[in-house]
**Q** 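Dumping the structure here so I can ask a few things about it.
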Amino acid sequence: MKLQHYIGGIEGLEPSSFEKKVFVQPWEERIFGIHVAMMGLSNHLEAVKSVPTKFSSFWTWGHLRQGAEGMNPFDYFKYRYYEKWLGGISGFFVESGYVTEEELSTKTEAYLANLNTPFPSGGEPTIDEQIMEYLRIGDSPACDVEAQPKFKVGDTVTVRNPPPVDHCKLPGYLRTKQGVVDEVYEGTYNYYFPTGDGVGDPMPIYNVVFNSHDIWESITEPNTKIYVQIFEGYLEDPE
Amino acid sequence: MTENVDREIYSAARVRALESLLIEKGIITGETVDKVIEFFEKDMGPFNGARIVARAWVDPDFKERLLADTPSAIAEMSFPRGMAGAEGENMAAVANTPDVHNLIVCTMCSCYPWPVLGLPPYWFKDPTFRARAIREPRKVLKEFGLDVSESVEVKVWDTSAQIRWFVLPERPEGTEGWTEEQLATIITPESMQGAARVVVPA
């Protein structure tokens with residue numbers, strides 16, 4: 001198992017922080033902006049083909065999360081949210097050959113000597129136009145492909161228990177549990193890439209409701225329901 | 001303490017180094033990151049969600065449409081272009097009532113309805129919140145200052161596929177006769193994720 005897939009339900013934790021800031025350090029907004037730019041310039045977007053960026057990779061939320069799910073699980077909890085982004089994204093640019101570790105280290109040393117050194121200026125304006133257009137249009141997983149949903153509202157379903165993969169869309173605590181279909185979403189939905197455990201191709205998605213006690217037994221609270229949207233590939237008929 | 005400071009300064013230098021190199025190599029421009037940040041400061045943020053909730057509070061027909069077909073109801077209002085854009089492609093609202101309290105969590109990551117709420121606050125991204133909210137929501141909410149009795153049903157929504165949820169909180173007493181604009185000023189991002197109630201400032 002991968003601990004990152006099983007975060008929901010972990011016991012023995014401290015009270016959670018009610019920190020309302022989006023960025024707790026000023027530098028964090030820079031890595032957020034870089035990630036959005038990469039998503040807006042990803043090579044799977046049709047509009048990007050005519051944009052003069054030197055970025056030529058496929059980059060989505062799925063890729064960012066695959067990196068986070070691939071970390072040593074104990075390290076995953078050592079680093080703050082955007083620290084993981086910085087590690088994953090800078091690692092991607094080095095591994096993909098866009099920058100070398102040496103360039104990055106040298107430049108980091110220069111900024112350590114003077115953090116206020118201005119950024120280089122310039123660049124093709126159409127790069128930014130595409131990124132802003134991506135933000136306004138999005139990248140919907142809804143597909144034109146039709147499919148007959150296997151389940152209907154009110155059906156009891158069992159959540160499958162496929163072996164762990166690099167990136168998973170199924171919360172671990174649901175595996176093998178039974179729930180009831182509360183809504184069948186119209187149409188079909190793909191994922192950015194096949195996850196290898198049954199998700200990727202266009203398929204129906206269901207909103208499935210679980211009684212909290214059916215999942216956690218005595219270690220939950222009364223009168224509590226859990227609603228989760230689940231790809232059809234993760235569901236099967238009860239035995 | 002010194003170690004913490006060093007860790008932040010190092011990250012600050014490293015991210016600036018990365019951004020500089022990406023600009024020099026023609027991947028992004030010198031303005032890209034600032035433009036992205038500005039988009040979430042000016043166009044897409046919790047101020048949009050607050051206007052939607054305020055409208056639903058004063059217009060019961062709008063509220064009904066919002067709950068039945070969230071994107072269409074939002075499209076009736078005048079917002080900057082992009083309310084169905086990134087992380088808003090499939091949004092849905094759920095309503096708190098005297099009998100039901102909704103709480104949104106993303107146990108595996110941090111999915112959040114950007115066009116109506118902007119970017120997720122740290123509490124929402126915190127693995128501790130993600131681990132606990134799904135199993136002991138009332139206990140977590142109590143720590144956040146919100147008491148939800150066991151006679152009220154709690155619905156926890158774990159965002160794990162296409163839908164980005166937000167909560168239509170209950171309108172607080174003492175706001176009778178307020179305009180939509182006045183109401184919008186007291187609606188917080190936390191209340192639109194079910195982590196707080198809307199309160200009238202003393």
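Side-chain atoms are counted along with the backbone in the values below, which use heavy atoms only and exclude waters and symmetry mates.
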**Q** Side chain, backbone, both or neither: which part of T106(A) has a non-hydrogen atom closer than 4.5 Å to chain B?
**A** neither

**Q** Any donor-acceptor pair under 3.5 Å linking the side chain of T32(B) with the backbone of D128(A)?
**A** no

**Q** What part of P52(A) gets closer than 4.5 Å to chain B, counting heavy atoms only: side chain, backbone, both or neither?
**A**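 For P52(A), the contact with chain B is made by the backbone alone.
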
**Q** Which bit of Y79(A) comes within less than 4.5 Å of chain B, counting heavy atoms only: side chain, backbone, both or neither?
**A** both

**Q** If we ignore angles and hydrogens, is there a donor and acceptor under 3.5 Å between the side chains of T107(B) and Y173(A)?
**A** no

**Q** For the pair E89(B) (side chain) and D139(A) (backbone), establish whether a donor and an acceptor sit closer than 3.5 Å, ignoring hydrogens and angles.
**A** yes

**Q** Give a yes-or-no answer on whether the side chains of E28(A) and Y122(B) include a donor-acceptor pair shorter than 3.5 Å.
**A**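 Side chains of E28(A) and Y122(B): pair found under 3.5 Å.
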
**Q** If only atom types and distance count, is the side chain of R16(B) paired as donor or acceptor with the main-chain N or O of L115(A) below 3.5 Å?
**A** yes

**Q** Side chain of R138(B), backbone of P222(A): donor and acceptor closer than 3.5 Å?
**A**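 It does hold such a pair.
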
**Q** Pull out the residues in residues 17-24 of chain A that come under 4.5 Å of chain B, heavy atom to heavy atom, sorted by number.
**A**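 Listed by number: S17(A), F18(A), E19(A), K20(A), K21(A), V22(A), F23(A), V24(A).
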
**Q** Select one option (side chain, backbone, both, neither) describing which atoms of Y98(A) are under 4.5 Å from chain B's heavy atoms.
**A**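 Looking at Y98(A), backbone and side chain both touch chain B.
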
**Q** How are the rings of Y227(A) and W157(B) set to each other: parallel, tilted or perpendicular (split at 30° and 60°)?
**A** parallel

**Q** Could you tell me which portion of N114(A) (side chain, backbone, both or neither) has an atom closer than 4.5 angstrom to a non-hydrogen atom of chain B?
**A** neither

**Q** Checking E190(B) now: which residues fulfil salt bridge (charged side-chain N to carboxylate O under 4.0 Å, His left out) with it, not counting sequence neighbours?
**A**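 Expected list: none.
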
**Q** With a 4.5 angstrom heavy-atom cut-off, could you sort out which part of I219(A) is near chain B: side chain, backbone, both or neither?
**A**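 For I219(A), the contact with chain B is made by backbone and side chain together.
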
**Q** Side chain, backbone, both or neither: which part of M39(A) has a heavy atom under 4.5 Å from chain B?
**A**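 For M39(A), the contact with chain B is made by the side chain alone.
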
**Q** For the pair K225(A) and E153(B), find out whether any cationic side-chain nitrogen is under 4.0 Å from an anionic carboxylate oxygen.
**A**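 So K225(A) pairs with E153(B) through a salt bridge.
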
**Q** I need the K125(B) NZ to R80(A) CZ distance, nearest 0.5 Å.
**A** 9.5 Å

